[in-house]
Amino acid sequence: MTSEVEKKTDRYTPAAIEEKWRERWASSGLHNTPDTSDKPNFYFLTMFPYPSGEIHVGHWYAFAPPDAAARFLRMRGHNVLFPMGFDAFGINAENAAIDRKLHPAVWTERNMAHMREQFNRMGAAIDWRREVVTCYPEYYRWNQWMFLKLYEKGLAYRGDAPVNWCPRDETVLANEQVINGRCERCDTPVVKRQMTQWFYRITKYADELLRFDGLDWPERVRVLQTNWIGRSEGAELAFPVEGHAGEEIRFFTTRPDTIYGATFMVVAPEHPLVEKIAAPKHRPEVERYVQHARNMAEIERASAEREKTGVDTGAFARNVFTGERIPIWVADYVLATYGTGAIMAVPGHDERDFAFAKKHRLEIREVISPDGTAHARLDEPYAGDGVMVRSGPFTGMRTEEGKRAVADDAKKRGTGGPSVTYRLHDWLISRQRYWGTPIPIVHCDTCGAVPVPYEQLPVVLPRDVEFTGRGGSPLSHVASFVNTTCPKCGGPARRDTDTMDTFVDSSWYMYRYVDPKYDKAFMNKDLGKKWLPVQQYTGGVEHAILHLLYMRFMAKALRDMGELWFDEPAIRFRYQGTIVFKGRKMSKSRGNVQTPDAYVEKYGADTLRLFMMFMGPWVDGADWDASGIEGVHRFLRRVWELAQAEAQPAGPRDADVDRAVHRAIAKVTDDLQTYSFNTAVAAMMELSNALQHATGPSRDEGVATLLLLLAPFAPYMTEELWERRGGRGSVHGQSWPAFDPAIAAANEVTLVIQIDGKVRDRISAPAGIAQPAAEKLAMASPKVKSALDGREPARTIFVPDRLVNFVTRRPS
RNA sequence: GCCGGAGUGGCGAAAUCGGUUUACGCAGCUGACUUAAGAUCAGCCUGGGCGCAAGCCCUAUGAGGGUUCGAGUCCCUCCUCCGGCACCA
């Protein structure tokens with residue numbers, strides 16, 4: 001039956017077709033996006049990859065669906081900017097240099113070449129003229145420029161703080177790069193070190209970052225960011241230290257209403273006052289404890305199950321509310337990095353303080369009562385709201401009122417007042433590594449830290465560096481780099497040998513794509529005005545906090561410098577889930593990296609693209625299993641045959657086929673807007689199944705429509721078929737098919753007939769049938785008659801075009 | 001522990017507003033074509049029961065309860081899995 005067709009059409013050979021179109025598109029510049037056209041501009045951005053060299057199926061999953069979405073927008077009449085580049089700095093390149101004696105620049109270039117090739121095989125419609133590569137001086141000079149600008153504004157500063165140190169990578173890490181007390185990269189337990197480092201003052205924008213006004217971002221990402229920022233309202237208060245005139249311990253609490261229950265204080269081992277106030281008798285023990293705490297790995301120290309250790313400093317503070325002397329302890333359950341590194345301990349109403357008080361026999365006092373009456377003893381801490389008891393003039397106040405009253409009272413006395421604290425810390429951006437942006441600062445013995453003058457940018461990363469993997473920042477061993485003159489006094493000086501966190505690079509790259517070669521500013525603002533902000537951003541959920549928060553911060557900082565004219569860099573964000581393999585993340589070290597190459601070779605890029613989108617909902621990710629790839633390949637082969645079959649003889653239209661076509665248009669259009677790629681593919685499969693059995697002009701037109709719908713998904717095959725069918729220009733330059741609801745509307749519907757909610761029959765009826773007519777039809781059904789068995793419906797539920805439900809029971 | 005999200009065939013998954021559960025595929029089974037295999041095409045595929053058969057009845061969306069004419073969808077309790085945070089005062 002199909003033999004005739006087979007003679008006329010050759011077999012579907014993806015390799016040849018795809019190579020042909022790759023070349024044609026490249027030479028015709030099909031994917032080049034003009035900055036102005038008669039169509040509205042649309043900036044569609046997908047997170048650029050790190051050129052790790054290991055291309056796996058996850059890369060296709062991240063890039064093929066957005067490519068389809070971008071192509072769809074083009075067919076819908078937008079001038080779409082869909083750029084790509086490389087997040088090319090990073091520690092992996094340096095480790096590769098150490099392991100294989102390959103310069104990071106060489107390793108990175110090689111990997112980028114490989115990845116560009118992959119993008120091209122995928123058929124991604126990328127305008128490569130706009131490529132951005134972060135490790136080139138033309139790019140990173142603007143990191144340095146921004147650093148200097150932030151420094152001028154007080155948004156970049158050098159600070160001494162307890163920081164996360166990864167002993168294996170020999171560098172500090174931002175909080176965001178520590179996962180469960182371990183280094184995000186190498187999984188080594190992180191230790192805290194007191195170090196002088198560079199920070200970006202992201203906390204200045206904490207409150208603004210909590211607002212997502214006008215943003216269409218997934219709830220999940222907003223929640224993650226909100227929790228990360230961790231805003232807490234309460235009071236910052238201070239208790240004076242006895243015997244140390246002028247010294248006081250400041251602390252933050254969310255429960256000022258419990259202050260009469262503060263029977264002791266606890267300071268973190270890193271607290272600056274510890275050494276000063278420890279009583280001589282206690283000093284050796286305190287020093288031993290502090291030393292021990294410092295040497296402990298974070299993961300060990302942070303374990304909540306661990307018993308609460310601590311020692312008495314022998315010093316006392318005065319609870320200014322009760323007037324009592326209360327002991328000051330040092331314990332590592334108080335974190336140096338949150339609040340002020342000290343707390344008032346209220347064992348009666350805080351679980352941790354309770355456990356500590358029990359262990360060290362400290363006084364536990366009830367000051368909040370759920371029922372308003374004071375109890376003789378507390379067997380467990382009560383952390384809920386209630387009424388203040390044993391609280392002097394505040395006794396009888398409820399928690400809400402008490403919080404305010406105590407904070408206001410403290411303010412009147414000059415010992416504190418209402419305050420807000422965040423979990424979010426300033427962004428630690430310096431790294432003791434080579435492959436990153438040099439920090440444009442010169443250290444001079446007379447002038448201190450001096451910014452490199454703007455006209456001397458970029459501070460170029462020296463090429464000849466020895467990679468030993470040991471002994472601090474590799475740059476510190478390069479004399480020609482380190483030794484310089486002070487821009488201020490002209491005397492001998494040393495360059496800062498740290499480099500920037502690579503998240504600095506990616507915090508603003510979206511502005512660079514607009515005109516990556518522009519050398520007067522980080523962005524060509526004239527062109528930027530045509531594109532920014534990004535209208536659609538996509539990428540992995542794993543960046544929900546790190547990159548996406550930094551990117552928002554940088555936009556706000558640049559805005560406040562007058563460099564940007566919007567508050568948020570990306571209006572709409574959608575993420576894809578993660579592709580794992582047998583339940584585990586793919587990685588070279590695990591040896592479970594699944595590469596796309598074999599599939600591309602066997603089935604073609606179009607099939608793999610389509611399969612990536614068909615596997616399941618994009619947001620969910622998947623456990624990689626290629627067993628279903630045959631199915632989508634078969635579908636493409638059927639379309640291949642269908643599109644080349646002989647033209648149908650003239651004849652009447654087929655309303656059923658026309659309806660199927662327009663329903664598919666509606667479904668695919670909708671699904672592409674909501675990133676439901678899997679159901680879009682299913683809808684096209686359904687359409688192709690329907691067309692297979694159709695005849696006449698409806699079939700021919702339906703096939704033509706199917707090719708247009710399929711074009712964003714399978715760009716190669718549809719282009720080839722478009723050409724073979726004598727289409728003008730490129731299929732990708734065509735308009736998206738128009739949906740006609742009148743054609744899609746059914747004139748026959750299936751009515752479900754229920755009796756007491758149970759389906760008894762299905763009958764076909766004209767669309768829009770009125771209730772009386774529908775009931776009559778339903779009653780005529782023999783099945784309904786026998787099921788009713790002579791009973792009379794007490795009432796009838798009618799859902800137009802859907803169901804008739806006869807209810808025989810009376811409502812009880 | 002806290003905050004999110006999810007549990008539907010053998011598998012990946014569909015299912016506007018509460019209204020035909022299982023679309024679209026994979027795997028499997030049966031048949032057609034073939035010397036045969038493959039490819040392709042047609043059909044079957046929750047479980048159980050009745051029937052020679054067309055078909056019919058009951059049952060099923062993690063478990064239990066509730067609301068409703070009607071629940072995968074809403075409410076309550078519980079279980080399991082995934083993600084995030086984790087002594088944050």
Side-chain angles (χ1 to χ4, degrees), chain A residues 1-3 6 179-181 219-224 226-228 230-232 234 251-255 258 266 301-306 308 331-335 337-346 349-353 355-356 383 421-424 541-542 544-545 577-578 580 583 611 614-617 619-623 625-632 634-635 637-638 641 667 670 676 678-689 692 750-759 761-762 783 786 793-799 801-811:
Chain A
M1 177 186 132
T2 49
S3 59
E6 266 163 12
I179 313 289
N180 293 328
E219 166 83 12
R220 173 158 173 211
V221 175
R222 299 200 314 258
V223 166
L224 246 35
T226 302
N227 291 345
W228 185 262
R231 185 189 148 97
S232 286
F251 59 91
F252 174 77
T253 177
T254 54
R255 292 297 300 271
T258 63
V266 185
R301 197 172 145 174
S303 156
E305 299 90 63
R306 218 179 108 231
K308 298 215 163 5
D332 65 6
Y333 83 90
V334 171
L335 308 177
T337 50
Y338 185 78
T340 63
I343 60 159
M344 66 168 190
V346 184
H349 305 285
D350 181 281
E351 237 174 83
R352 299 150 298 176
D353 297 344
F356 193 79
T421 294
Y422 303 89
R423 216 187 70 107
L424 178 73
V541 236
E542 64 275 16
I545 297 170
T578 314
V580 296
F611 180 58
F614 185 61
M615 287 191 300
V619 283
D620 289 352
D623 203 329
D625 172 13
S627 62
I629 199 168
E630 284 284 351
V632 289
R634 272 198 279 265
F635 162 64
R637 278 211 309 261
R638 274 197 295 268
E641 303 283 337
K667 183 71 180 147
D670 259 28
S676 311
N678 57 327
T679 47
V681 175
M684 290 186 286
M685 287 174 166
E686 272 184 85
L687 177 57
S688 104
N689 290 345
Q692 212 97 46
T750 303
L751 280 183
V752 171
I753 314 303
Q754 297 182 336
I755 290 163
D756 294 327
K758 282 198 197 290
V759 178
D761 201 6
R762 299 180 175 99
K783 286 185 194 167
S786 76
R795 64 188 175 117
T796 306
I797 312 280
F798 177 68
V799 181
D801 288 349
R802 296 219 96 135
L803 69 72
V804 177
N805 183 12
F806 296 117
V807 183
T808 63
R809 286 175 283 133
R810 308 238 149 242

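Order of the sequence lines fixes the chain letters, A, B, ..., with proteins taken first and strands second; residue numbering starts at 1 for each chain.
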Problem set entry | Atom pair distance, as rounded to whole Å: CZ in A:R220 and P in B:C85 | 11 Å
Exercise. With a 4.0 Å cut-off on heavy atoms, is A:Q754 in touch with a base, just the backbone sugar-phosphate, or nothing at all?
Worked result: base
Exercise. Should A:R222 be listed as having a side-chain N or O under 4.0 Å from OP1 or OP2 of B:G4?
Worked result: no
Seminar exercise, completed: Output field dot_bracket for RNA chain B (Watson-Crick or G-U, both distances under 3.5 Å, | for other-strand pairs) contains (((((((..(((......[....))).(((((.......)))))..((((....))))...(((((..]....))))))))))))....
Problem set entry | A:E641 with A:R638: basic N within carboxylate O range, under 4.0 Å | no
Problem set entry | Distance in angstrom units between A:R231 CZ and B:A89 P, rounded | 13 Å
For this session: Take A:N805 and A:V752 through the side chain to side chain contact (heavy atoms under 4.5 Å, CB included) test and state the conclusion after the steps.
Result: CA-CA 8 Å; A:N805 183 12; A:V752 171; over 6 Å; no
Exercise. To the nearest Å, how far apart are A:E542 CD and B:G84 C1'?
Worked result: 13 Å
Exercise. For B:C57, does the O4'-C1'-N9-C4 (purine) or O4'-C1'-N1-C2 (pyrimidine) torsion place it in syn, i.e. within 90° of 0, or in anti?
Worked result: anti
For this session: Could you tell me whether B:G9 is syn or anti, where syn means a glycosidic angle within 90 degrees of zero?
Result: syn
Exercise. So what does A:V334 hit on the nucleic acid, given a heavy-atom distance under 4.0 Å: a base, only sugar-phosphate, or nothing?
Worked result: base
Exercise. What interatomic distance, in whole Å, is found between P of B:C24 and the corresponding atom of B:C41?
Worked result: 15 Å
For this session: Output yes when a side-chain donor or acceptor of A:R423 lies under 3.5 Å from a complementary backbone atom of A:W228, and no otherwise.
Result: yes
Exercise. Expressed in whole Å, how much space separates the C1' atoms belonging to B:C57 and B:A42?
Worked result: 29 Å
Seminar exercise, completed: Rounded to whole Å, CG of A:D620 lies from C1' of B:C81 at a distance of 14 Å
Exercise. For the residue pair A:Y333 and A:F356, does the interplanar ring angle fall in the parallel (under 30°), tilted (30 to 60°) or perpendicular (over 60°) class?
Worked result: tilted
Problem set entry | A:F635 vs A:S688 side-chain heavy atoms within contact, under 4.5 Å | yes
For this session: Let me know the distance between CH2 of A:W228 and P of B:C2, rounded to the nearest Å.
Result: 21 Å
For this session: Rounded to whole angstrom, note down the P distance from B:C3 over to B:A71.
Result: 31 Å
Problem set entry | Protein-nucleotide distance (A:R802, atom CZ; B:U21, atom C1'), rounded to Å | 13 Å
For this session: Indicate whether OP1 or OP2 belonging to B:A89 is found under 4.0 Å from a side-chain N or O atom of A:S232.
Result: yes
Exercise. For A:D756 and B:G19, what is the distance between atoms CG and P respectively, to the nearest whole Å?
Worked result: 19 Å
Problem set entry | B:A15 to B:C2 separation - C1' atoms, rounded to the nearest Å | 34 Å
Seminar exercise, completed: Separation of B:A89 atom P from A:R423 atom CZ, nearest Å, is 10 Å
